[in-house]
Number of protein chains: 2
Amino acid sequence: MTQSILVVDDDPVFNGVLVRALARRGYEVSSAMDAETTLTAANALAPEAVVLDLNLGSVSGLNLIQPLLAIAPDCRIVVLTGYASIATAVEAIKLGATQYLAKPVEVDAIIAALDDIPESGVPADAPPPADPLSVDRLEWEHIQRILREHDGNISATARALKMHRRTLQRKLAKRPVRA
Amino acid sequence: MTQSILVVDDDPVFNGVLVRALARRGYEVSSAMDAETTLTAANALAPEAVVLDLNLGSVSGLNLIQPLLAIAPDCRIVVLTGYASIATAVEAIKLGATQYLAKPVEVDAIIAALDDIPESGVPADAPPPADPLSVDRLEWEHIQRILREHDGNISATARALKMHRRTLQRKLAKRPVRA
DNA sequence: TTTCCGATGCGACAATCCGTCGCATTTTCC
DNA sequence: GGAAAATGCGACGGATTGTCGCATCGGAAA
């Protein structure tokens with residue numbers, strides 16, 4: 001079991017939630033919200049694992065992978081991003097990340113990725129997370145995050161999600177699916 | 001410039017088009033349409049590069065990556081798939097593929113991937129996307145990740161996602177939304 | 001080897017949802 | 001103050017979903 005984890009995300013709310021969830025499960029957790037603090041913390045703590053967001057202000061989290069591995073070569077880096085793409089996933093893994101996950105993702109999946117040390121890429125005997133997000137819940141969380149990033153602007157959110165504004169309004173009018 | 005390329009795709013039309021396009025550009029091209037032929041050809045030809053489809057009947061192209069690299073360790077493998085997902089991209093790169101591209105893709109992009117030999121891994125090629133994933137795309141990625149965690153078991157995946165098995169089958173049968 | 005269980009594929013149907021349209025109102029920004 | 005954008009929402013045709021049910025297949029257990 002991994003002991004020390006550094007969580008890197010510029011969203012303080014997300015950072016806090018994830019740090020608490022990991023601490024609750026017995027991990028030593030620290031956090032950073034920008035590139036400079038990340039490398040300072042890595043130098044000081046030599047974490048065994050890093051949960052790394054890609055959108056860190058003007059700096060891409062991709063640019064932190066190799067410096068982090070230079071500091072702690074055995075460090076497992078799990079990239080976690082709200083702006084996922086196959087291209088950046090390929091790049092991240094080539095640069096040395098262990099795993100790449102798109103937000104929103106359940107904490108158990110993050111932990112599974114952190115603890116995973118597969119030789120072949122397929123986790124040996126690792127059971128799947130007991131309770132992945134349902135598709136409805138996934139959609140709700142995703143919509144809420146993008147809506148927040150657009151300051152509650154429904155039209156802009158619908159455009160960003162490539163969804164019709166009417167459809168988004170209908171979805172928002174519903175009570176969210178219980179987790 | 002790479003000289004010998006093995007194209008692996010079970011679609012004869014696609015195979016023919018790509019083989020001719022690569023031959024026209026001066027490459028020595030051979031092709032295979034199933035797993036067994038692929039390994040036989042690789043043993044005989046020791047290609048410098050392989051363009052590898054993932055959907056090869058009942059065998060996943062992912063399962064060919066390591067056998068191919070065992071035969072030709074310096075071989076560059078570019079994975080092409082019409083059912084691209086982050087989960088399979090991550091797995092392909094971890095297994096040793098050089099690049100992973102979603103169909104439809106232009107021949108020039110395939111060639112660029114085949115010839116690409118990055119030394120430093122500077123991630124200038126893959127900036128993070130400006131837009132978040134659409135809801136449809138996010139759903140596809142989530143389904144693919146959970147499906148892999150359940151070893152391709154559709155019934156178990158449907159239960160985990162709290163979705164009807166019939167619905168999941170319909171979603172899996174569709175080509176995913178372009179990223 | 002046989003049996004049983006779970007997985008799988010898929011058509012059909014009713015219910016639900018989505019994309020679209022359009023109009024009126026409200027809010028924001030210049 | 002005015003223009004532009006955002007917002008709310010009903011209605012309609014088409015698409016999708018949940019459900020049902022049946023047949024087939026593969027693997028595990030007896």
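Note that this is a predicted model, so its numbers are computed, not measured.
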| query | For B/Gly152 and A/Glu139, take the nucleotide of DNA chain C holding the closest heavy atom to each; which residue's nucleotide lies nearer the 5' end? | reply | B/Gly152

| task | Considering just the side-chain nitrogens and oxygens of B/Ser155, establish if one lies under 4.0 Å of OP1 or OP2 belonging to C/dT8. | result | yes

| Between the side chain of B/Asp151 and the main-chain N/O of B/Asn153, is any donor-acceptor distance below 3.5 Å? | no

| query | Counting only N and O atoms by type, is there a donor-acceptor contact under 3.5 Å from the side chain of B/Asp9 to the main-chain atoms of B/Asn15? | reply | no

| query | Does A/Leu138 offer a backbone N or O that forms a donor-acceptor pair with the side chain of A/His142 under 3.5 Å? | reply | no

| remark: Between CG of B/Asp136 and P of D/dA15 the distance, given in whole Å, is 15 Å

| d(NZ, A/Lys174; C1', D/dC9) in whole Å | 16 Å

| query | Any donor-acceptor pair under 3.5 Å linking the side chain of A/Lys94 with the backbone of B/Thr98? | reply | yes

| request: Measure the distance from CG on B/Leu172 to P on C/dT8 and round it to the nearest whole Å. | output: 10 Å

| query | With no hydrogens and no angle check, is any side-chain donor or acceptor of A/Trp140 less than 3.5 Å from a backbone partner on A/Lys171? | reply | no

| note | Here the distance between atom C1' of C/dA7 and atom CG of B/Asp151, to the nearest Å, is 14 Å

| What is the distance, rounded to the nearest whole Å, between atom CD of B/Gln169 and atom P of D/dC20? | 16 Å

| Roughly how bent is the helix from C/dT1-D/dA30 to C/dC30-D/dG1 end to end, in steps of 10 degrees, with each end axis from five pairs? | 70°

| What's the closest nucleotide to the B/Ile154 side chain, out of C/dT8, D/dG18, C/dG19? | C/dT8

| What is the distance, rounded to the nearest whole Å, between atom CG of A/Leu168 and atom C1' of D/dG8? | 13 Å

| field | Derivation and outcome, side-chain contact (heavy atoms from CB on, under 4.5 Å), residues B/Phe14 and B/Asp53 | value | CA-CA 10 Å; B/Phe14 181 88; B/Asp53 188 28; over 6 Å; no

| Whole-Å gap separating P (C/dG6) and CZ (B/Arg159) | 9 Å

| query | Do B/Arg145 and B/Ile86 come within less than 4.5 Å of each other through their side chains, counting heavy atoms only? | reply | no

What's touching nucleotides 20-30 of chain C from the protein side, N or O pairs under 3.5 Å?
from: C/dT20; atom 1: O4; to: A/Arg170; atom 2: NH2; distance (Å): 3.4

| message | Strictly distance-based, threshold 3.5 Å: is any side-chain N or O of B/Ser4 a donor or acceptor partner for the main-chain N or O of B/Glu48? | response | yes

| remark: Separation of C/dC18 atom C1' from A/Lys162 atom NZ, nearest Å, is 18 Å

| query | If you look at every strand shown and take non-hydrogen atoms under 4.0 Å, does B/Lys171 touch a base, only sugar-phosphate, or nothing? | reply | sugar-phosphate

| said: Checking B/Asp34 against B/Thr37 for the side chain to side chain donor-acceptor pair (under 3.5 Å) test, could you report, in this order, the C-alpha distance in whole Å, the side-chain angles of both residues, the deciding distance, and whether it holds? | reply: CA-CA 6 Å; B/Asp34 58 63; B/Thr37 312; 2.7 Å; yes

